[in-house]
Amino acid sequence: MKYLAVLLFAFLPLSCIPLYNPFTSDTYMKDKDAPDPGNSGLLSISNVQKNSISVSWTKAGDDLSPREALQYRLFYSELPLLNTVSLVLANGTPAGNWTTDIDQSQIEGLTENTKYYINLLVKDTSGRTGIYEMTDTDTDYDRLGYTFEFSFGSGGMGDNQYDLTSGIVFDSDGNMYITDFYNHRIEKLTASGSFLGWYGKDSSKGTGWHEPGTAANPVPGSGDGEFSEPLHVSIAMAGTTGVLFVPSWSNSESDNHSVQKITIGSTPPLSFMEKWGGVEGSDDTHFSFLTSVKIDKDNNVWIADNGNHRIKKYSVSGTFLGWWGKDNTAGTGWHSPGTATSPVSGSGDGEFNYIGDIALDNYGYLYAADYTNNRIEKFLIQADGSLAFKGWWGKDGTSGTGWHDPGTASNPAAGTGDGEFNVPVCIYVDNLHYLYEVDQNNHRVQKFRTNGTFIGWYGKDSSKGIGWYLPGEANTPVSGTENGAFTKPRDITVYEGKVYVTDGGNNRIQVFNKN
């Protein structure tokens with residue numbers, strides 16, 4: 001009977017033979033594998049806006065279902081729990097419905113300046129589901145970078161002329177103050193670049209405020225209201241008026257290693273208030289080649305005592321409160337008044353080899369541009385007012401480029417790649433907690449999150465030209481004189497959504513719009 005059954009089956013018409021069809025009800029039993037995501041499951045993020053992002057991918061493949069029959073669905077979450085199918089379904093918010101045969105989609109309705117975790121599921125005709133690699137992005141329109149708007153200034157000693165544009169800061173009325181390094185003065189302008197006058201010593205007109213067109217011979221000095229190579233400035237505001245804190249580098253006047261307080265008023269617009277320091281020294285009351293002064297939310301004054309490789313802290317009235325750095329006898333750390341007087345350079349955790357600038361955020365952190373060590377160090381301002389070292393970012397010759405926890409890296413080095421530095425001379429933290437770094441010898445401006453995450457850079461690349469470059473797009477920054485190019489930039493600030501950069505080697509200020 002068995003052989004008869006086989007013989008009868010062999011002579012059945014083809015129409016009677018049950019051929020295998022992958023789309024019949026038994027497909028699920030035969031389909032053992034989920035679709036395989038294309039390009040190793042990598043997702044590509046683009047067109048990052050305030051409330052939306054675009055996502056693209058390489059289409060998946062499957063063992064039974066044709067590629068054009070596969071369905072896709074994007075998911076997003078503020079939690080990093082999108083790395084398995086079950087976690088995506090449990091924690092992700094779907095961005096649209098299942099859609100067949102697509103390789104891009106958009107997520108909308110997001111919250112501005114928020115980190116999101118993104119993943120994509122792919123489903124075959126049997127219902128088996130594959131998953132792409134989770135990625136993350138921020139709804140940060142700054143990732144799209146900046147475009148050049150205008151510039152002002154030129155080389156010289158006249159009104160709105162400069163001999164190495166250096167520090168820049170705004171008051172609450174939108175007035176801009178620029179330290180004119182080799183002209184030993186402070187120039188005051190409107191936000192659009194209109195010149196309002198300057199403060200300092202003129203060889204024929206004396207020391208004080210000089211209206212436009214009244215003085216053109218600025219010279220260094222060590223008296224009250226006189227400067228010798230002033231660098232960065234800060235403002236302590238009191239209502240609509242305030243005080244400029246101006247540090248002097250003092251190469252040409254040996255007794256002007258000082259911080260001067262200059263009152264912002266109406267008549268005259270700037271006037272001398274008082275001076276801290278003077279003669280160069282390394283004890284509690286003296287400085288050496290100051291570079292930066294910043295005021296925290298509690299009105300404490302933090303000073304980059306560059307030549308002494310330390311950060312000093314004062315009350316706004318001038319009482320010395322302590323310093324951080326390496327002492328040749330007491331070691332590295334916080335030093336209370338009277339406990340350490342031999343500051344030295346170093347490259348270990350929390351040590352400095354000259355400090356280009358310091359910056360503060362409103363979360364209680366202090367950042368230092370350790371410029372000869374080519375890194376940015378991060379500190380916590382503790383409840384007792386002292387500092388605690390939290391880590392640093394930049395290039396380490398052994399462990400690579402990025403964030404380095406305490407004790408994990410000790411060989412900081414210069415570089416031109418993403419997130420690497422060559423003399424980081426200035427840093428600035430905006431109110432969205434992005435840190436901007438003026439990369440002086442790389443002739444560019446880099447942007448980071450305050451945890452050291454690299455976002456992008458602006459400047460001139462030797463092969464790609466001038467523009468904003470996201471990670472991996474360009475790594476050969478060069479100097480230039482064109483609009484948007486820099487030659488040894490010195491300082492940066494953000495005012496009303498515009499980015500102002502002092503382009504030191506080109507003796508100008510460049511202004512950029514956020515896209």
Side-chain angles (χ1 to χ4, degrees), residues 166-173 175-181 183-189 196-202 206-210 218 220-250 253 255-281 284-308 311-323 337 355 357-360 491 493:
S166 191
I168 184 170
V169 69
F170 279 85
D171 66 20
S172 59
D173 292 328
N175 298 304
M176 180 188 344
Y177 303 87
I178 297 170
T179 49
D180 188 7
F181 189 77
N183 281 330
H184 318 287
R185 63 182 178 181
I186 300 169
E187 297 196 44
K188 182 177 181 178
L189 304 96
L196 300 175
W198 66 273
Y199 187 88
K201 182 179 181 180
D202 183 86
T207 301
W209 174 256
H210 305 286
S222 58
D224 292 348
E226 298 173 356
F227 308 107
S228 179
E229 300 174 353
L231 277 169
H232 305 299
V233 295
S234 186
I235 292 180
M237 298 304 301
T240 58
T241 63
V243 176
L244 284 173
F245 286 73
V246 185
S248 276
W249 176 267
S250 192
E253 297 288 330
D255 57 348
N256 201 10
H257 297 266
S258 63
V259 174
Q260 296 200 56
K261 295 172 70 175
I262 307 297
T263 301
I264 301 171
S266 55
T267 307
L270 295 176
S271 58
F272 175 79
M273 183 177 180
E274 66 174 321
K275 179 166 64 177
W276 302 348
V279 177
E280 183 180 12
D284 287 352
T285 59
H286 291 88
F287 307 103
S288 176
F289 297 100
L290 293 85
T291 53
S292 178
V293 181
K294 295 292 163 62
I295 317 296
D296 69 20
K297 59 183 177 59
D298 297 318
N299 272 337
N300 296 304
V301 181
W302 299 86
I303 299 172
D305 188 9
N306 176 68
N308 284 321
I311 296 171
K312 299 182 75 176
K313 182 181 181 181
Y314 288 80
S315 71
V316 74
S317 61
T319 301
F320 175 65
L321 302 175
W323 65 272
I355 308 166
D357 196 12
I358 51 180
L360 301 159
D491 201 358
T493 193

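Basis for what follows: all heavy atoms, side chains included, without hydrogens, waters or symmetry-related copies.
- In this structure, the separation between CD on Glu280 and OG on Ser288 is 3.5 Å, given to the nearest 0.5 Å.
- Closest approach of Thr207 and Glu226 over heavy atoms only: OG1-OE2, 2.5 Å.
- From Ile262, atom CD1 reaches atom CD of Glu274 across 10.0 Å, with rounding to the nearest 0.5 Å.
- Of all heavy-atom pairs spanning Phe287 and Asn308, the tightest one is C-ND2, 3.9 Å.
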**OP:** Begin from the C-alpha positions of Glu229 and His184 and carry the test side-chain contact (heavy atoms from CB on, under 4.5 Å) through to its verdict.
**Re:** CA-CA 5 Å; Glu229 300 174 353; His184 318 287; 3.7 Å; yes
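- Counting only heavy atoms from C-beta outward, the side chains of Lys275 and Asn256 approach each other to under 4.5 Å.
- In plain terms, the two heavy atoms of Gly278 and Ser258 that are nearest each other are N-CB, 4.0 Å.
- In this structure, the side chain of Lys261 does not engage the main chain of Met273 through any donor-acceptor pair within 3.5 Å.
- One finds no salt bridge joining Asp284 and Lys312 here, because no Lys/Arg side-chain nitrogen approaches an Asp/Glu carboxylate oxygen to under 4.0 Å.
- The CZ atom of Arg185 sits 10.5 Å away from atom CD1 of Ile178, with the distance rounded to the nearest 0.5 Å.
- Considering only heavy atoms from C-beta on, Tyr314 stays 4.5 Å or farther from Val293 through its side chain.
- Going from atom CH2 of Trp276 over to atom CZ of Phe320 covers 11.5 Å, rounded to the nearest 0.5 Å.
- Distance check, rounded to the nearest 0.5 Å: CD of Gln260 to CZ of Phe245 gives 12.0 Å.
- Across Asp357 and Thr291, no two heavy atoms sit closer than the pair N-OG1, 4.5 Å.
- Asn306 and Ile355 get closest at one heavy-atom pair: OD1-N, 2.8 Å.
- Within the 4.5 Å cutoff, no side-chain heavy atoms of Val246 are placed close to those of Tyr177.
- Between Thr179 and His232 there is no side-chain heavy-atom pair separated by less than 4.5 Å.
- Legend: residues meeting ring-ring contact (aromatic ring centres under 6.0 Å, His included) with His210, ordered by chain and number and at least two apart, are Trp198.
- Across all their heavy atoms, Asp296 and Trp302 have their closest contact at OD2-NE1, 3.0 Å.
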Subject >> Audit row: Asn175, Ile264, side-chain contact (heavy atoms from CB on, under 4.5 Å) steps and yes/no >> reply: CA-CA 10 Å; Asn175 298 304; Ile264 301 171; over 6 Å; no
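- Remark: Asn183 CG to Ser166 OG distance equals 12.0 Å, nearest 0.5 Å.
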